[in-house]
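To keep things clear, I will list the structure first and then write my remarks on it.
Chain A is the first sequence line, chain B the second, and so forth, proteins listed ahead of strands; every chain is numbered from 1. The basis for the numbers below is simple: all heavy atoms, side chains too, and nothing from hydrogens, waters or symmetry mates.
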There are 2 protein chains.
Amino acid sequence: MSGVREQKKQQTRKAIIDAAVKLFTEKGFEQTSMDELARAAGVGKGTIYGYFKAKEEIFLAYCEAELEFAFAALDRKIDEEASLVDQLVAYMMGQITFVTENREFGRIFAREMTFPGENTRLRSRDLDMRYLNKLGEVLGRAQLRGELPAESELLLLIAHLHALYILVLSSIYSGDVTSLENAKIFCRSLVLQALHGPAAIAQAPLDVQSGWQELRQQFLEQRKLEM
Amino acid sequence: MSGVREQKKQQTRKAIIDAAVKLFTEKGFEQTSMDELARAAGVGKGTIYGYFKAKEEIFLAYCEAELEFAFAALDRKIDEEASLVDQLVAYMMGQITFVTENREFGRIFAREMTFPGENTRLRSRDLDMRYLNKLGEVLGRAQLRGELPAESELLLLIAHLHALYILVLSSIYSGDVTSLENAKIFCRSLVLQALHGPAAIAQAPLDVQSGWQELRQQFLEQRKLEM
DNA sequence: GTAAAATCTCGACCGCGGTCGACTTTATCT
DNA sequence: AGATAAAGTCGACCGCGGTCGAGATTTTAC
């Protein structure tokens, strides 16, 4: 049972991912066909499906590497002594900035991560956990500092914040939020409310208040909600 | 400019939607091909694309009718005098039950609604607004009753609750939540926290607390989060 | 060493969603 | 009414993601 076979398999796998990174980066996910990918990786198309169940799975493998990098960069930039809100907003915006760097790419990523198909469920969960763990760390530190009540249920808060992140992303793709600045204001307002209850905005610093009011106007005009 | 043409167009449009309702219901969205749909509607395949930009757009048109019905049923069942939390959970669960009635259908719906493509953006926004308006009504009534601080920013709260709904849906597709019962417990915990702050669960009635603790255990085991 | 079994590779092939331009039907103009 | 323009219809056709089984390659058994 010499490792010849195993070795080759690893090579092939790497060749596929490398080709995917190159092509997806160069021309995007949807614009890269499996035929191209196979040719670029130097294998038959069918072979790819021995390594990945679907095109989306390759996509997530590709994301894994990229996200790793983005998170590392973010970690370096985060100020652990900043206020909880600032840190949370920073993480959320880091993630959002990364995802929406390319709009089409981000939509696929968001769709696959938030509502994964059976093929991609496990892989997307892996990726998700990195982000959730990050949130957990930030919250844990805040709890130690006393910035968060000791009896807070951290897991629930993590879920909560994750929900807000998804919402902001969704707002970007629904057209309610059209710039990263607005996304940030939105994030901040939501986080404030999550941490300090429904009346938090009314007590927030003036710049947050006014920023939100402006956004609010845009929402109402765009969506014609009856309020 | 007799209306002959316009009349025919309306007929054709209706024929397409009718066929879609029949086929999507019978065999599902993905299992219905555009060729079949065209044949069933009695038109050429190309004709359909004169009425809808993409298969997904037909899907959303199909949903519109179904959702209308589901909401009406829900409205009839909702107790306007129940507590705010109960009403919110009821609406969220109504929506979730509807969406996940068929798993594949629900995933497409959720993906298209949360991260719409350029083709389906406007239509998905229309649908979204119905749900948001419902939330607004419930919150507005609660504010009048004094169950919600007068200075609460309703729009922000609506956004917040919408985020929670999406999260619960996402948890179902990620495999974190595997039954409607669990979804309900999750919903309730999240809503409580959203309305009463991060420490709300610790003060919740015992059954909510214990239900959540059980769910929490499942999460941790499944996801192996470091907490 | 060799035969049998297990594994991996490949590209022709499938059905799909979506496009295109030739064709038919309706509206408009004189 | 006849001619021209405009609008609508259609299915052959395209490239796509994914499958399949024949054939090549490695492992195992003797």
Whole angstrom value for the distance that separates [atom2] of [N] from [atom1] of [X]:
X	N	atom1	atom2	answer
B:Tyr49	D:dC10	OH	P	15 Å
A:Gln31	D:dG17	CD	P	10 Å
A:Lys55	C:dC16	NZ	P	19 Å
A:Ile108	D:dC16	CD1	P	15 Å
B:Met34	D:dG11	CE	C1'	14 Å
B:Ile48	D:dC10	CD1	P	10 Å
A:Glu57	D:dG17	CD	P	15 Å
A:Glu30	C:dG17	CD	C1'	13 Å

Contacts of A:Ser33 and B:Val43 projected onto DNA chain D by closest heavy atom; the upstream (5') one is B:Val43
Residue closer to the 5' end of DNA chain D, B:Asp35 versus B:Gly42 (nearest nucleotide):
B:Gly42
Looking at [X], I'd like to know whether one of its side-chain N or O atoms comes within less than 4.0 Å of OP1 or OP2 on [N].
X	N	value
B:Tyr51	D:dG8	no
B:Thr12	D:dT9	yes
A:Thr47	C:dC10	yes
B:Lys45	D:dC10	no
B:Lys9	D:dG8	yes
B:Lys8	C:dT26	yes

Full working for side chain to side chain contact (heavy atoms under 4.5 Å, CB included) between B:Tyr173 and B:Thr100
CA-CA 9 Å; B:Tyr173 283 100; B:Thr100 57; 4.3 Å; yes
Look at the rings of A:Phe24 and A:Phe29 and say which category their plane angle falls in: under 30° parallel, 30 to 60° tilted, over 60° perpendicular.
perpendicular
Taking the side chain as every heavy atom from C-beta outward, state whether A:Lys53 and A:Thr120 have any atom pair closer than 4.5 Å.
no
For a quick check of understanding: with a heavy-atom distance under 4.0 Å over all strands, which category does [X] fall into, base, sugar-phosphate or nothing?
X	result
B:Phe52	nothing
B:Ala54	sugar-phosphate
B:Gly50	nothing

Is a side-chain donor or acceptor of B:Arg141 paired with a backbone partner of B:Glu80 at a separation under 3.5 angstrom?
no
Do A:Asp86 and A:Tyr91 have side-chain atoms, one donor and one acceptor, less than 3.5 Å apart?
no
